[in-house]
Participant: 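The structure follows.
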There are 2 protein chains.
Amino acid sequence: MGPRTERRQQHGEESRRRILDATVEIAAERGYEGTSIALVSERSGLPRSSIYWHFRDKDDLLAAVIERSYHLWRERLIAAGSARTPDLDRAGALREITAAIAASLLDQPEFLRLGMMLTLERRPVEAKARELFVGIRNEVLAFATREFQTMLADVSAAEREAVARKLAAFMLAAADGLFLAYQLAPDTFDLLGQFELLAIVVDAAWDRLTV
Amino acid sequence: MGPRTERRQQHGEESRRRILDATVEIAAERGYEGTSIALVSERSGLPRSSIYWHFRDKDDLLAAVIERSYHLWRERLIAAGSARTPDLDRAGALREITAAIAASLLDQPEFLRLGMMLTLERRPVEAKARELFVGIRNEVLAFATREFQTMLADVSAAEREAVARKLAAFMLAAADGLFLAYQLAPDTFDLLGQFELLAIVVDAAWDRLTV
DNA sequence: TCCTGACTGTACCAATCGTTCCATTCCGAC
DNA sequence: GTCGGAATGGAACGATTGGTACAGTCAGGA
């Protein structure tokens, strides 16, 4: 890998990035079937043939978009969640977590938008992109479950995992729902306030499930 | 309207129903753009021209589908929610409500599936179908808010409406999220258990918001 | 028997779909 | 300058898209 390939790759990567930028924008607006290669070409300024040079086919392109938007969202979430106040009580910790999720979703909404669309769109030939999202989603759920388990020190080991899993699944699903409601009416839906309520609600459920 | 028109209308209504049946099935699977007239024709067994005889265009067809699936779901929800146990405490009442919602969604999932897809799909030319769903959704929210207000007798009138609206918005959004998670993994997601948890959670939030 | 209006069947339209092909351009290495 | 691979440009492909036009079928009323 001399400097030659580096420069060439820089040029190629730049085009690839522009294609992905255009695609994520379109796909988050119009779903899988609504994302046409012609529109991607038009909005990225690159010819159709370039798209097929960088990606095998449409399915491959959409999968790449999911992957990249996931990583962008994940970085944003980690950035928002890293500044944790030490020695916080459970309610406070939950409030910080939900605030971080809300911030990451406001900043990088494309990943979840796209993932939800792929969740709902059940085409006969299952798209690679959908499978990718399902896998990522399961990882996130497993991560949240582990986090909750460490916060459940006072519960017997037997029921700890079950409670943690149930709470994590609920919290993730509820966060999805709040995001969706926000997509429906961004001007009137109080996303941040609802995420605060989510923290309160999970905290309360904690008591009721473990007593 | 003599017997002649009746018979003819019966025939026509039958065709119209078959078209709507096929469309709702396809649209709930593939979204707006994925719903092609050719596929609707094939699955309903009626020629394309009949579809255009019954509906002005694709947009009109989709709007009709939304409307009918909403009414079907609504009937199912009312049926599930009408058998309310008298003199139940708040927690019990909430559990009955969430159970009714869960049952209606399991029985008539198409309405919410379709509505969510239209919520996420933001095409430049806003479809009539989407506006219809937004309107229905606002009605449901208003209804839930009113119901909650009557259950908030112990709260001062000033904050009663605000609290009821916030709780109703949260409950609806969370229900959407649970439904979505179930769509993602119907085999592993415990929809009924999660809806029970939703009842518990809203009951707990009630105390914390009104104290 | 003929008329009428609801519905069906066929053919057609321009536009767009995803994809392929291939000639051309670009640019660093030699 | 020449070579080679990365990348672009443009044309073309067969299939499918939503939509229109129109003739034909059918049943019931006059």
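Remember, predicted model here, so these are calculated numbers, not experimental data. Here is the naming used below: chain letters follow the sequence lines, and residue numbers restart at 1 for every chain. Only heavy atoms go into these numbers, but all of them, side chains included; no hydrogens, no water, no symmetry mates.
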Participant: What is the distance, rounded to the nearest whole Å, between atom CD1 of B:I37 and atom C1' of D:dT17?
Facilitator: 10 Å

Participant: Please report, rounded to the nearest Å, how far the C1' atom of C:dT8 is from the CD atom of B:E14.
Facilitator: 15 Å

Participant: Just how far, in rounded Å, is P of C:dA6 from CG of B:L46?
Facilitator: 17 Å

Participant: Would a 4.5 Å heavy-atom cut-off, applied to side chains only, mark A:E196 and A:D190 as touching?
Facilitator: no

Participant: Judged by modelled atom types alone, do B:T85 and B:E96 share a side-chain donor-acceptor pair under 3.5 Å?
Facilitator: yes

Participant: For a 4.5 angstrom cut-off between non-hydrogen side-chain atoms, does B:Q149 reach B:R160?
Facilitator: yes

Participant: Below 3.5 Å, can you tabulate the donor-acceptor pairs from side chains in residues 173-186 of chain B to any protein atom, sequence neighbours excluded?
Facilitator:
| unit_1 | atom_1 | unit_2 | atom_2 | d |
| --- | --- | --- | --- | --- |
| B:D176 | OD2 | B:R137 | NH1 | 2.2 |
| B:Q183 | OE1 | A:R122 | NH2 | 3.3 |
| B:Q183 | OE1 | B:R113 | NH1 | 2.3 |

Participant: Do B:T98 and B:M171 come close enough that some side-chain heavy atom pair is under 4.5 Å?
Facilitator: yes

Participant: Over how many whole Å does the gap from A:Y52 atom OH to D:dT8 atom C1' extend?
Facilitator: 16 Å

Participant: Side-chain contact test, heavy atoms from C-beta onward, threshold under 4.5 Å: evaluate it for A:M116 versus B:M116 and give yes or no.
Facilitator: no

Participant: Considering only residues two or more places apart or on different chains, which pairs with a residue in residues 58-79 of chain B satisfy ring-ring contact (aromatic ring centres under 6.0 Å, His included)?
Facilitator: B:Y70-B:F111, B:W73-B:F111

Participant: In dot-bracket form, how is DNA chain D paired, counting a Watson-Crick or G-U wobble pair only if both its distances are under 3.5 Å and using | for bases paired to another strand?
Facilitator: ||||||||||||||||||||||||||||||

Participant: Name every donor-acceptor pair, under 3.5 Å, that has one atom in a side chain of residues 162-170 of chain B and the other anywhere in the protein, sequence neighbours excluded.
Facilitator:
| unit_1 | atom_1 | unit_2 | atom_2 | d |
| --- | --- | --- | --- | --- |
| B:R165 | NH2 | B:E161 | OE2 | 2.8 |

Participant: In whole Å, I'd like the distance from the CH2 atom of A:W53 to the P atom of C:dT25.
Facilitator: 19 Å

Participant: Applying a 4.0 Å non-hydrogen cut-off, can you work out what B:T35 is touching in the nucleic acid: base, sugar-phosphate, or nothing?
Facilitator: sugar-phosphate

Participant: Can you tell me the distance, in whole Å, between the CD atom of A:E42 and the P atom of C:dG18?
Facilitator: 13 Å

Participant: Can you see if the side chain of B:H54 gets near the phosphate of C:dA6 - specifically, an N or O under 4.0 Å from OP1 or OP2?
Facilitator: no

Participant: Output the distance between atom CG (A:L94) and atom CG (A:L198), rounded to the nearest 0.5 Å.
Facilitator: 8.5 Å

Participant: Rounded to whole angstroms, how far apart are CZ on A:R30 and P on C:dT16?
Facilitator: 12 Å

Participant: Please list, pair by pair, any protein nitrogen or oxygen found under 3.5 Å from a nitrogen or oxygen in nucleotides 12-15 of chain C.
Facilitator:
none

Participant: Kindly say if A:S36 contacts the phosphate of C:dT16, meaning a side-chain N or O under 4.0 Å from OP1 or OP2.
Facilitator: no

Participant: Are any of the side-chain heavy atoms of B:W53 and B:I19 separated by less than 4.5 Å?
Facilitator: no

Participant: Side chains of A:D57 and A:Y52 only: does a donor on one sit below 3.5 Å from an acceptor on the other?
Facilitator: no

Participant: Hey, does the side chain of A:S15 come within less than 4.0 Å of D:dT8's phosphate (OP1/OP2), counting only N and O?
Facilitator: yes

Participant: Taking N or O atoms only and anything under 3.5 Å, show me the protein contacts with nucleotides 21-24 of chain C, one pair per line.
Facilitator:
none

Participant: Should A:R76 and A:D107 count as an ion pair when the cut-off is N to O under 4.0 Å?
Facilitator: yes

Participant: Separation of A:R17 atom CZ from D:dA7 atom P, in whole Å?
Facilitator: 15 Å

